[in-house]
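Predicted model only: the values in this text are computed from it and were never measured.
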Amino acid sequence: MKKLILISLVGISLMAQEYILNISGDKPSENHIIKLDLKVDADGKPIAGQKYDIRNLKQPKSLKILTAPGLKGTLKDEREIIVYYKTSLDVSGFKIRNLYKVGDTRVYGNEHNISIRFDKDHYQNIVSYLRYHNIKQDVIDDINNMYGTWKELE
């Protein structure tokens, strides 16, 4: 029984690979380098549906990282890594809240050093953005990790 458990643990640990995410944006507070262990499939591509909430950054206070299967109608063998955080925007003295800054990139194979750039635009409807990128409803229901369903990294 102990050998079976040991073999299972070794098999599980071999299915995760370290990725280095070079995240950049227009503001210095958006530039981060994050090392993350993502579960991968037999082809060495990240498995879709992984959710991470990075909480040890000064700004933004909570950076979300998602893995997705790729856009509809595109190559079958691609994966996507999506990052986003909640922010606000000052326009003519008015503060617009509940906006999101997002960035995404496609992963095709065994690349482990990945660059992601935040879009210059702010998104008010993050749900439609995530649905466009094939994110499932259970992730959208807990978009801000209010229910604690994301893996939190400190």
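A distance of 14.5 Å separates CG of N125 from OH of Y132, quoted to the nearest 0.5 Å. Of the inter-residue distances, the one linking I81 atom CD1 with R106 atom CZ reads 13.0 Å to the nearest 0.5 angstrom.
The side-chain heavy atoms of D121 and Y100, taken from C-beta on, include no pair separated by under 4.5 Å. I65 has its side chain out of reach of I82: every pair of non-hydrogen atoms, C-beta onward, lies at least 4.5 Å apart. The closest side-chain heavy-atom distance from V107 to P46 is below 4.5 Å. Two residues are said to be in side-chain contact when any heavy atoms from C-beta on lie closer than 4.5 Å; L153 and L36 meet this criterion. No side-chain heavy atom of E80 sits under 4.5 Å from any side-chain heavy atom of T67.
When hydrophobic residues (I, L, V, M, F, W, Y) are linked wherever their side-chain heavy atoms come within less than 4.5 Å, F94 remains an isolated member.
Across every non-hydrogen atom of I143 and Y84, the tightest pair is O-OH, 2.6 Å. Of all non-hydrogen atoms in G103 and I116, the two that sit nearest each other are C-CG2, 3.7 Å. Among all heavy-atom pairs drawn from P60 and L57, the shortest one is O-CB, 3.4 Å. Pairing each heavy atom of A68 with each of A48, the nearest pair is C-CB, 3.7 Å.
For the side chain to side chain contact (heavy atoms under 4.5 Å, CB included) test, residues two or more places apart in sequence or in another chain that qualify with Q124 are L99. Remark: H32 engages no residue in a ring-ring contact (aromatic ring centres under 6.0 Å, His included) (not counting sequence neighbours). Shown here are the side chain to side chain donor-acceptor pair (under 3.5 Å) partners of H112, two or more places apart in sequence or in another chain: Q17. Considering only residues two or more places apart in sequence or on other chains, N98 meets the side chain to side chain donor-acceptor pair (under 3.5 Å) condition with K86. Contacts of I140 classified as side chain to side chain contact (heavy atoms under 4.5 Å, CB included), with partners at least two apart in sequence or in another chain: V127, L130, R131, I135, Q137. The salt bridge (charged side-chain N to carboxylate O under 4.0 Å, His left out) test applied to D41 returns R79, not counting sequence neighbours. The ring-ring contact (aromatic ring centres under 6.0 Å, His included) search around Y129 returns Y123, H133, not counting sequence neighbours. Looking at residues two or more places apart in sequence or on another chain, you find a side chain to side chain contact (heavy atoms under 4.5 Å, CB included) between K39 and I47, Q50.
Placement of Y52 and L66 in two distinct hydrophobic clusters is found when ILVMFWY residues are connected by side-chain heavy-atom separations under 4.5 Å, directly or transitively. By the criterion of side-chain heavy atoms lying less than 4.5 angstrom apart, applied directly or through intervening Ile, Leu, Val, Met, Phe, Trp or Tyr residues, L63 is grouped together with L38 in one hydrophobic cluster.
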Inset, instruction - Start with the C-alpha gap between V139 and K51, add the side-chain angles, then the distance that decides, and say whether side chain to side chain contact (heavy atoms under 4.5 Å, CB included) holds. - result: CA-CA 8 Å; V139 176; K51 309 177 286 188; 3.6 Å; yes
Legend entry - Chi angles and distances behind the side chain to side chain contact (heavy atoms under 4.5 Å, CB included) call for D142, W150: CA-CA 8 Å; D142 193 18; W150 295 60; 3.7 Å; yes
Return a table of donor-acceptor pairs under 3.5 angstrom between the side chains of residues 18-26 and protein atoms on other chains or two or more places apart.
from, atom 1, to, atom 2, distance (Å)
Y19, OH, G44, O, 3.3
N22, ND2, N113, OD1, 2.6
D26, OD1, R117, NH2, 2.9

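Between D138 and K136 there is no salt bridge, since no side-chain N of the basic residue sits under 4.0 Å from a carboxylate O of the acidic one.
Among residue pairs with one or both ends in residues 57-69, those qualifying as salt bridge (charged side-chain N to carboxylate O under 4.0 Å, His left out) are D53-K64; sequence neighbours excluded. Screening residues 89-101 for salt bridge (charged side-chain N to carboxylate O under 4.0 Å, His left out), with sequence neighbours left out, gives E30-K101.
In this structure, S29 contributes its side chain and Q59 its backbone to no donor-acceptor pair below 3.5 Å.
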